[in-house]
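First up is the structure itself, then whatever we jot down about it.
Residue numbers run from 1 in the order of the sequence given. Side chains included, hydrogens not; waters and symmetry mates left out as well; all remaining heavy atoms used.
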Amino acid sequence: MSARPSLISELKRRNVWRAAMLYAGTVWAFGQGLSQFSPAVGLPDWATRWFLIAAAIGFPFWIAFAWFYEFTPEGLRRESEIAAGDSIAHATGRKLDKWIIGVLLVAVVLLLTNTFVWRKGAGLGDGPGPIVPAKSIAVLPFEDLSPAHDHGYFSAGMAEELLNALARVQDLRVAGRASSFYYGDHNADLRTIGKALDVANVLEGSVRTQGQAVRISVQLIRTRDGFEAWSQSYDGNLDNIFDLQERIARAITEHLKVVLGDVGNTRLVPVATRSADAYADFVTAQELVNRRVGDSLPRAIALLQQATALDPGFARAWSKLAVANAVLPQYVAGDWNASWKTSDDAAHRALALDPGDAEAYAALSYNQFSQRHYTAMVEPMQRALKLAPENSAVNYWAANEFAAMGRTRTAEARIDAALVDDPANPLLLFYKSMLRWREGDQAGALAYVHRAGVADSAFGALMLEFYDAAHGDVQASARDFASSTSEMGTKISRADLQEIYRGTYGDAAQRQAALQIVATHADDNWAPTMLLQLGAPARSFDLYEHGHSGLSDAYLNWLWQPEPWSRQARRDPAFQGFAQRLGMLAYWKQYGWPELCKPAPARGAEAFACS
């Protein structure tokens with residue numbers, strides 16, 4: 001009597017193991033395909049999930065089928081009806097092996113495609129992000145369809161105005177302006193925008209102006225599949241532009257099924273001015289202020305002066321004028337004192353008209369900071385943050401002040417909060433990179449520089465300067481330094497800037513030559529900073545203290561770097577008196593010490609020690 005075969009050997013003989021592997025491989029391949037291609041063919045989100053549930057339910061039936069049946073040349077027959085000598089299970093097994101290999105190859109190809117093609121450049125995150133909220137949107141810059149195509153700034157300004165209106169809706173997540181406009185300007189695909197900004201929808205549009213007539217066309221599009229959920233054109237004129245914007249904003253909230261709550265009975269788009277021409281000037285100027293470089297700021301200021309002359313009660317125009325004048329001398333040669341006064345006057349006019357204008361408070365704070373009134377800058381910035389805790393510009397300026405005072409971790413927390421809704425904002429990314437560098441995270445600093453085009457900007461070159469020098473490439477570092485500094489208000493030639501920088505890392509003769517170049521440009525905004533880099537802290541402190549530069553951020557941030565010349569400056573005996581006379585010590589005592597310094601009461605009531 002022959003021994004009864006074991007269950008394991010019988011499973012193998014009947015090809016049940018192979019059948020199970022073929023089933024699992026097929027389900028995996030189909031699952032990969034559904035996950036990747038369902039948006040393109042319009043399948044709903046739940047299609048993949050229910051396919052996997054159905055596959056799990058069907059698995060035991062498939063195994064039972066493999067146990068009880070066998071494929072034969074005569075067709076499908078029950079295994080019990082086939083004599084042992086007639087079974088072709090072994091040949092069938094070899095065929096199944098080929099099918100298993102083929103299915104697994106398909107699954108692997110789909111997996112690699114998903115990893116290296118679909119996800120290439122998908123966003124700023126390093127791993128899978130959270131589920132994208134359905135009630136979320138990014139507003140892309142609107143296209144200018146005017147006959148002469150000369151209203152590009154106005155068209156982009158219309159998009160920003162709608163973004164600001166939607167941001168007032170508590171139940172709707174709105175991506176920040178800088179990030180939305182970055183992806184719009186770079187013609188990114190919708191899937192990339194959705195993943196990078198964590199939004200389920202984008203608003204695209206166009207603006208056509210002819211005289212006073214305006215047509216705004218908008219399309220609401222889903223990012224996961226490119227489906228146009230809604231589109232509409234609105235005709236009007238500059239006299240009723242706020243009503244047009246209000247209708248568009250409310251139509252969007254209705255289509256996204258957003259409950260307006262407390263703002264339901266109030267306007268999403270307040271009537272900022274009754275002057276159509278003043279508003280047109282303001283919208284164009286707003287975009288120019290955002291750009292900063294070149295002749296953008298002088299042009300913006302001229303337009304804002306026109307707007308406030310046409311309507312002296314236009315609070316937002318006064319506020320934007322305050323911001324433009326606050327930063328003007330950093331980008332265009334000018335009189336710091338005149339700019340501070342003009343900016344302060346404009347900010348106070350804005351607040352007299354609208355006490356809730358966060359941007360005006362932020363401008364007042366920045367002016368105090370630039371004038372080295374470090375304790376006085378705190379109160380207006382606290383008001384700005386209370387009024388607009390999620391505003392990217394306000395958070396950036398607050399972080400700038402914290403960082404300049406050496407409070408690196410507090411500054412980084414501000415930047416991180418702002419990056420949540422504005423992850424491609426170049427200024428925020430630059431500051432994040434700088435703060436990572438301070439903390440010794442070179443890889444992190446470099447990663448942030450290479451996001452959202454920051455590396456191609458003057459700010460990116462500034463950070464690459466530090467990285468190149470740390471890795472021994474002084475020539476590249478000198479070029480980076482000259483490239484960035486030349487766009488930030490210095491009058492020193494690029495050739496001299498490179499010579500100055502080489503003096504930082506060169507021999508004694510190169511350092512002396514660099515010091516002589518700086519001496520001939522002692523009135524330059526960047527001269528004190530360059531003396532820090534050249535290892536002459538006492539001369540640097542004296543020049544900065546008795547000079548009239550308002551470049552507080554560029555100078556003071558250099559005091560907290562990890563480079564040897566920065567450590568030398570912090571430890572120099574002259575730093576003690578400098579920090580006290582400038583008001584930094586009073587700020588630290590009242591609002592918090594920098595991570596790299598602490599009180600040293602054993603050496604005196606005003607003494608401190610820095611690492």
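- The ring of Phe466 has its center closer than 6.0 angstrom to the ring center of Trp558.
- Residue Thr504 forms a side chain to side chain contact (heavy atoms under 4.5 Å, CB included) with just one option from Met530, Gln533, Gln510, and that option is Gln533.
- Under a 4.0 Å N-O distance rule, the pair Lys135/Asp171 qualifies as a salt bridge.
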Under the side chain to side chain donor-acceptor pair (under 3.5 Å) rule, what do Thr342 and Asn325 come out as? Steps first, then yes or no, please.
CA-CA 7 Å; Thr342 305; Asn325 277 289; 4.8 Å; no

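- Under a cutoff of 6.0 Å and an axis angle of 45°, Arg372 and Tyr544 form a cation-pi pair.
- Within the model, atoms CD of Gln382 and OG of Ser365 stand 9.0 Å from one another, a figure rounded to the nearest 0.5 Å.
- For the residue pair Tyr591 and Thr375, the shortest heavy atom distance occurs at OH-O, 4.0 Å.
- Classification of the Phe578-Phe541 ring pair by plane angle, with boundaries at 30° and 60°, yields parallel.
- Looking only at side-chain heavy atoms (C-beta outward), Arg567 and Trp560 stay at 4.5 Å or farther from each other.
- A donor atom on one side chain and an acceptor atom on the other are found under 3.5 Å apart for Tyr279 and Glu161.
- Applying the disulfide (SG to SG under 2.5 Å) test to pairs two or more places apart or on separate chains, those with a residue in residues 546-611 are Cys597-Cys610.
- Two rings, from Tyr587 and Tyr374, have their centers 6.0 Å or more apart.
- Of all the heavy atoms in Gln498 and Ala482, the pair that sits closest is CG-CB, 3.7 Å.
- No hydrogens or angles considered: a donor-acceptor pair under 3.5 Å links the side chains of Tyr431 and Asn557.
- Under the 30°/60° scheme for interplanar angles, the aromatic rings of Phe608 and Trp588 are found to stand perpendicular.
- Here the OH-CZ distance, from Tyr361 to Arg383, works out to 4.0 Å after rounding to the nearest 0.5 Å.
- Interatomic distance, CG of Asp468 versus CG of Asp480, reported as 5.0 Å (0.5 Å rounding).
- Proximity of Asn525 to Met488: side-chain heavy atoms (C-beta onward) are nowhere separated by under 4.5 Å.
- In this structure, CG on Asp422 lies 13.0 Å from OH on Tyr182, to the nearest 0.5 angstrom.
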